[in-house]
Amino acid sequence: MDNPFAPPSDVEHRPAWSPLDEHLWHSCDILADLVEGRLDQRPLVATRARLDSGERTLAVGPGQRLTWRAAGNGSYTHNSVVAFGGPAFVIGSMVGTALGNSARRRTAALNAQPRWALDGAGEVTITTRKAHFGHPTCWLDLGWNGLDAIDLVAPDVFQTTFRNINDGQHLTAQLHTPWASLIFVLAALTAFPAHPRLLGRGWLPPHFEQRCADMGRPCRPAARLVLNNGSV
């Protein structure tokens with residue numbers, strides 16, 4: 001499976017300590033408390049998201065939602081022009097109309113191809129039961145048990161497929177957030193315990209714990225704890 005933490009080919013070294021590293025460090029701390037049954041000892045995290053009884057907020061941060069979809073259905077308006085006048089004017093009008101129709105046809109065909117479309121930016125709330133994307137018009141609740149597929153396609157990109165409760169259609173969406181690894185592990189532990197990225201510890205950069213120790217920021221062994229049900 002591809003390593004989402006692999007640096008670009010033209011980059012030899014990662015920064016000494018990045019904001020993403022900070023989020024990963026806190027993700028390990030949260031997950032370690034989760035599997036060891038110590039979440040009640042963590043401070044409460046404020047959120048605007050609606051919570052169900054017994055649901056606990058684990059992290060909150062900025063994010064963006066993207067959906068894999070087409071911008072159109074391939075249709076376009078075909079113009080027909082009847083021109084009166086001299087031959088040059090009539091021919092010019094016909095050529096212009098034909099070029100316009102051709103351009104609209106190409107644009108419509110292009111818009112019919114699915115692509116990642118940005119829905120909006122908002123606040124991401126991660127709880128023990130779901131990831132909530134807050135937005136006035138494109139909010140999203142991703143309950144762990146309601147997801148059909150998950151992956152961590154980039155260090156800060158969680159991708160999932162699920163069934164839309166409104167029309168029953170399958171949707172594929174991404175949350176771009178520095179908490180992507182935390183979201184992935186929580187979803188995997190709940191509904192995808194045999195996911196290869198979970199079993200292979202591919203949600204963390206290679207040697208992350210050693211790097212944290214070298215930086216004077218010892219990291220709790222969340223990857224081992226997750227796989228061993230709280231035992232190191």
Side-chain angles (χ1 to χ4, degrees), residues 1-6 14 17-45 47 51-52 54-61 63 124-133 141-162 173-232:
M1 178 170 288
D2 294 338
N3 181 2
F5 295 97
R14 289 173 55 87
W17 191 260
S18 69
L20 179 61
D21 292 326
E22 187 73 15
H23 282 80
L24 289 172
W25 189 95
H26 284 287
S27 294
C28 289
D29 195 54
I30 294 169
L31 291 169
D33 279 341
L34 172 68
V35 297
E36 292 178 345
R38 299 179 182 177
L39 285 182
D40 60 338
Q41 300 179 21
R42 299 187 65 84
L44 295 177
V45 179
T47 178
L51 303 179
D52 294 327
E55 189 174 10
R56 186 181 181 92
T57 304
L58 302 178
V60 174
V124 177
T125 298
I126 301 98
T127 79
T128 49
R129 302 178 185 176
K130 67 176 182 289
H132 172 80
F133 175 73
D141 271 340
L142 297 175
W144 310 138
N145 284 316
L147 305 180
D148 295 329
I150 64 169
D151 205 354
L152 188 70
V153 298
D156 59 350
V157 180
F158 172 76
Q159 182 171 308
T160 183
T161 300
F162 58 95
Q174 291 182 344
L175 287 181
H176 289 215
T177 168
W179 292 114
S181 283
L182 178 61
I183 296 174
F184 170 81
V185 175
L186 292 171
L189 284 174
T190 302
F192 304 87
H195 196 291
R197 195 176 297 286
L198 180 68
L199 298 182
R201 306 183 185 185
W203 56 274
L204 273 179
H207 314 299
F208 180 72
E209 294 173 10
Q210 182 59 51
R211 190 160 158 271
C212 289
D214 293 342
M215 295 297 298
R217 296 284 305 275
C219 177
R220 296 171 70 183
R224 282 174 287 166
L225 289 170
V226 163
L227 293 180
N228 299 328
N229 295 319
S231 299
V232 178

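If you're wondering where the values come from, they're calculated on a predicted model, not measured in any experiment.
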Value rounded to 0.5 Å, distance of CG in Leu204 from SG in Cys28: 4.5 Å
Could you tell me whether Arg224 and Glu209 have a side-chain N and a carboxylate O separated by less than 4.0 Å? yes
Euclidean distance, Thr177 OG1 relative to Ile126 CD1, rounded to 0.5 Å: 5.5 Å
Using salt bridge (charged side-chain N to carboxylate O under 4.0 Å, His left out) as the criterion, list what pairs up with Arg38, not counting sequence neighbours. Glu36
Mark yes or no: Arg129 above the aromatic ring of Trp144, with NZ or CZ under 6.0 Å from the six-membered ring centre and no more than 45 degrees from the axis. no
Heavy-atom closest pair (Leu227 atom, Leu198 atom, distance to 0.1 Å) is CD2-O, 3.6 Å
So which atom in Cys219 and which in Phe208 form the shortest heavy-atom distance, rounded to 0.1 Å? SG-CE2, 4.0 Å
Contacts of Thr127 that satisfy side chain to side chain donor-acceptor pair (under 3.5 Å) - sequence neighbours left out: Glu55
Check: Asn228 and Val35 side chains under 4.5 Å, non-hydrogen atoms: no
Excluding sequence neighbours, so at least two apart, what forms ring-ring contact (aromatic ring centres under 6.0 Å, His included) with Phe184? His195
Residues pairing under side chain to side chain donor-acceptor pair (under 3.5 Å) where one sits in residues 178-190, two or more places apart or in two chains, turn out to be none
To the nearest 0.5 Å, atom CG of Asp151 lies from atom CZ of Phe158 at 8.5 Å
Before accepting this row, confirm whether a basic side-chain N of the pair Arg211/Asp21 lies closer than 4.0 Å to the acidic partner's carboxylate O. yes
Using 0.5 Å steps for rounding, measure from the CD1 atom of Ile30 to the CG atom of Leu182. 5.0 Å
As a quick check of understanding, evaluate side chain to side chain contact (heavy atoms under 4.5 Å, CB included) for Thr57 and Leu51, giving each step before the final call. CA-CA 8 Å; Thr57 304; Leu51 303 179; 3.4 Å; yes
Quick check: do Lys130 and Leu186 have side-chain heavy atoms less than 4.5 Å from each other? no
Rounded to the nearest 0.5 angstrom, the NE2-CD distance for His176 and Gln159 is 8.5 Å
Quick one: list whatever passes side chain to side chain donor-acceptor pair (under 3.5 Å) with Thr128, sequence neighbours left out. none
Check Leu20 against Pro178 and note the closest heavy-atom contact, atom names and distance. CD1-O, 3.9 Å
As a quick check of understanding, evaluate side chain to side chain contact (heavy atoms under 4.5 Å, CB included) for Leu152 and Val157, giving each step before the final call. CA-CA 6 Å; Leu152 188 70; Val157 180; over 6 Å; no
Arg217 vs Trp25, side chain to side chain contact (heavy atoms under 4.5 Å, CB included): CA-CA, chis, key distance, verdict: CA-CA 8 Å; Arg217 296 284 305 275; Trp25 189 95; 3.5 Å; yes
Under the side chain to side chain donor-acceptor pair (under 3.5 Å) test, residues paired with His23 that sit two or more places apart: none
When you compare the side chain of Trp17 with that of Cys212, does any pair of heavy atoms fall below 4.5 Å? yes
Ionic contact status for Arg56 with Asp40, cut-off 4.0 Å: no
Is the closest side-chain heavy-atom distance between Leu142 and Thr160 below 4.5 Å? yes
Distance (rounded to the nearest 0.5 Å) between Leu24 CG and Leu31 CG: 10.5 Å
Does the side chain to side chain contact (heavy atoms under 4.5 Å, CB included) test come out yes or no for Leu34 and Leu225, once each step is laid out? CA-CA 10 Å; Leu34 172 68; Leu225 289 170; over 6 Å; no
Quick one: are Val124 and Val60 in side-chain contact, heavy atoms under 4.5 Å? no
